[in-house]
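Both backbone and side-chain heavy atoms feed into the values below; hydrogens, waters and symmetry mates do not. Both counts, for ligands and for their atoms, begin at 1 and track the order of listing.
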Amino acid sequence: MQNSPISKIILEGREFLIKRDDLIDPYLAGNKYRKLYTLLTTPKEKFRTLISYGGTQSNAMLAIAAMCKKKGWEFLYYTKPLSTFLKEQKSGNLADALRLGMQHIEIEEEMYREFISSLRLNLDEKTFIVDQGGADMSAKTGLEVLAQEIREQNPEANAVATPSGTGTTALFLALALPEYRVYTTPSVGGVEYLQEQMQALHALPKNLFILESKKKYHFAKPYREFYEMYKKLQEAGVEFDLLYAPSLWMALLEQVEEKVLYIHSGGVSGNRSMLERYSKKFGDLA
Ligand SMILES: *Cc1c(COP(=O)(O)O)cnc(C)c1O
């Protein structure tokens, strides 16, 4: 794999650098590529089956499905029951992951937690479990590779930014790049919840800054200002995802003055189904 390129965009009169991890692969890109790096470089004979669980439109799910197809691994993915709307959808991450050969298993709401915690009990050595969103120590190596690429490309910036879900990416990137400031924003819950999630993996380094948005947002809900930010970025020349990127960009524009290298975290494949939800909620969004 060649290093992903760095592009420049002008936004509100400011120049930003973008590390184009979104261009790595149509499905296996962004921070999911980085987080799955250890598995991606594992010889295929090592496993027969990968298991994961979580959201029904998750970017991690799609990335794992693409990886398993490349590797010839069977992929079992557990979720809570689907809505009829999702079941009938022909586009979006779930539809794409199913086309890549993922086996999707729905678990009743009341059984879900217990079922997920029991998954590890009867594992054979040819089966591997990827925690929800890929939030585990195995993500560390891929982010060290990213840090090394950034050093080699030597961008004109002393700060990087990347949005957080579980916070795994921002945390390991900050640990691997102590000479840079790393900015992030929470997308699921607030700052404290994100800190807790990160601390479960490692103590928080001093160069990691969690920016708080002015307003509270619920994960994966459509917000007009997210759409406006998305549109502005698209007009500046790069498409970003609609779930994580908008609130970080808003915070960078409002709260950070220095030049930033934004690490594109991918997720653009989920936009089509998200845009359908936006036009349902806000009408025509041309
Ligand atoms: C998964 C994802 C994130 C969050 O990554 P974490 O390592 O869980 O913080 C951010 N952006 C996009 C586009 C993602 O798909």
Side-chain angles (χ1 to χ4, degrees), residues 4 18-39 52-67 92-94 96-97 130-144 146-147 160-176 182-191 193-202 204 208-211 213 217 219-220 226 229-230 233 238-252 262-275:
S4 69
I18 323 268
K19 175 97 171 122
R20 301 299 304 275
D21 277 5
D22 55 317
L23 302 178
I24 292 171
D25 178 273
Y27 296 123
L28 189 44
N31 68 3
K32 302 307 181 290
Y33 169 81
R34 303 295 178 181
K35 285 160 74 165
L36 293 172
Y37 186 84
T38 303
L39 279 167
S52 193
Y53 56 92
T56 48
Q57 286 292 30
S58 133
N59 295 329
M61 167 193 77
L62 181 56
I64 298 168
M67 172 176 70
N93 286 353
L94 179 65
D96 287 345
V130 184
D131 276 317
Q132 178 155 13
D136 62 57
M137 289 307 290
S138 70
K140 195 160 170 267
T141 310
L143 288 149
E144 286 164 356
L146 171 60
V160 301
T162 199
S164 283
T166 62
T168 313
T169 305
L171 172 69
F172 287 137
L173 188 58
L175 288 166
V182 176
Y183 294 107
T184 192
T185 44
S187 314
V188 185
V191 172
Y193 179 69
L194 178 58
Q195 284 171 335
E196 276 169 33
Q197 298 252 93
M198 288 173 164
Q199 274 160 349
L201 294 167
H202 197 282
L204 301 185
L208 176 63
F209 299 89
I210 304 179
L211 306 172
S213 57
Y217 295 107
F219 185 62
F226 280 15
M229 191 70 244
Y230 163 82
L233 288 160
V238 183
E239 183 173 14
F240 288 87
D241 80 281
L242 278 154
L243 302 186
Y244 301 92
S247 66
L248 178 56
W249 277 108
M250 285 158 59
L252 289 174
Y262 187 106
I263 315 297
H264 199 310
S265 53
V268 174
S269 63
N271 283 351
R272 219 159 24 123
S273 55
M274 206 50 205
L275 286 168

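- The distance from the OG1 atom of T166 to the CE atom of M198 is 8.0 Å, given to the nearest 0.5 Å.
- Atoms of ligand 1 lying under 4.0 Å from at least one heavy atom of N59, given by number and element, are 13 (C), 14 (C), 15 (O).
- In this structure, a donor-acceptor pair under 3.5 Å is present between the side chains of S269 and N93.
- Defined by atom type and a distance below 3.5 Å, a donor-acceptor pair is present between the side-chain atoms of T184 and S164.
- Within the 4.0 Å heavy-atom cutoff, A170 does not count among the residues contacting ligand 1.
- Atom numbering of ligand 1 starts at 1 in the shown order; those under 4.0 Å from a heavy atom of K35 are 5 (O), 6 (P), 7 (O), 8 (O).
- Counting heavy atoms closer than 4.0 Å to ligand 1, residue N31 contributes side-chain atoms (C-beta onward) but none from N, CA, C or O.
- Here the protein heavy atom with the shortest distance to atom 12 (C) of ligand 1 is Y244 CD1, 3.2 Å.
- Counting the atoms of ligand 1 from 1 in the order shown, those under 4.0 Å from a heavy atom of T169 are 5 (O), 6 (P), 7 (O).
- Within 6.0 Å of the CZ atom in F219, the count of heavy atoms belonging to other residues, nucleotides or ligands exceeds 12.
- Close contacts between ligand 1 and K32 involve ligand atoms 1 (C), 2 (C), 3 (C), 14 (C), 15 (O) [criterion: under 4.0 Å to a heavy atom].
- Interface of G167 with ligand 1, defined as ligand atoms under 4.0 Å from a residue heavy atom, comprises 6 (P), 8 (O), 9 (O).
- Side chains of K19 and V160 form no contact here, defined as non-hydrogen atoms less than 4.5 Å apart.
- Looking at heavy atoms from C-beta onward, R20 lies in side-chain contact with V238 at the 4.5 angstrom threshold.
- In the vicinity of D241, heavy-atom distances shorter than 4.0 Å reach the ligand 1 atoms 13 (C).
- With hydrogens left out, the protein atom closest to atom 11 (N) of ligand 1 is S265 OG, 2.8 Å, a heavy atom.
- Side chains of Y27 and D96 form a contact here, defined as non-hydrogen atoms less than 4.5 Å apart.
- For ligand 1 and G266, the ligand atoms under 4.0 Å from any heavy atom of the residue are 13 (C).
- Residues D21 and S4 meet the side-chain proximity criterion, which asks for heavy atoms closer than 4.5 Å.
- Other residues, nucleotides and ligands contribute more than 12 heavy atoms inside 6.0 Å of the OH atom of Y53.
- In terms of polar-atom proximity, G165 is counted as a contact of ligand 1, with an N or O under 3.5 Å from an N or O of the ligand.
- Nearest protein heavy-atom neighbour of atom 8 (O) of ligand 1: T166 OG1, 2.5 Å.
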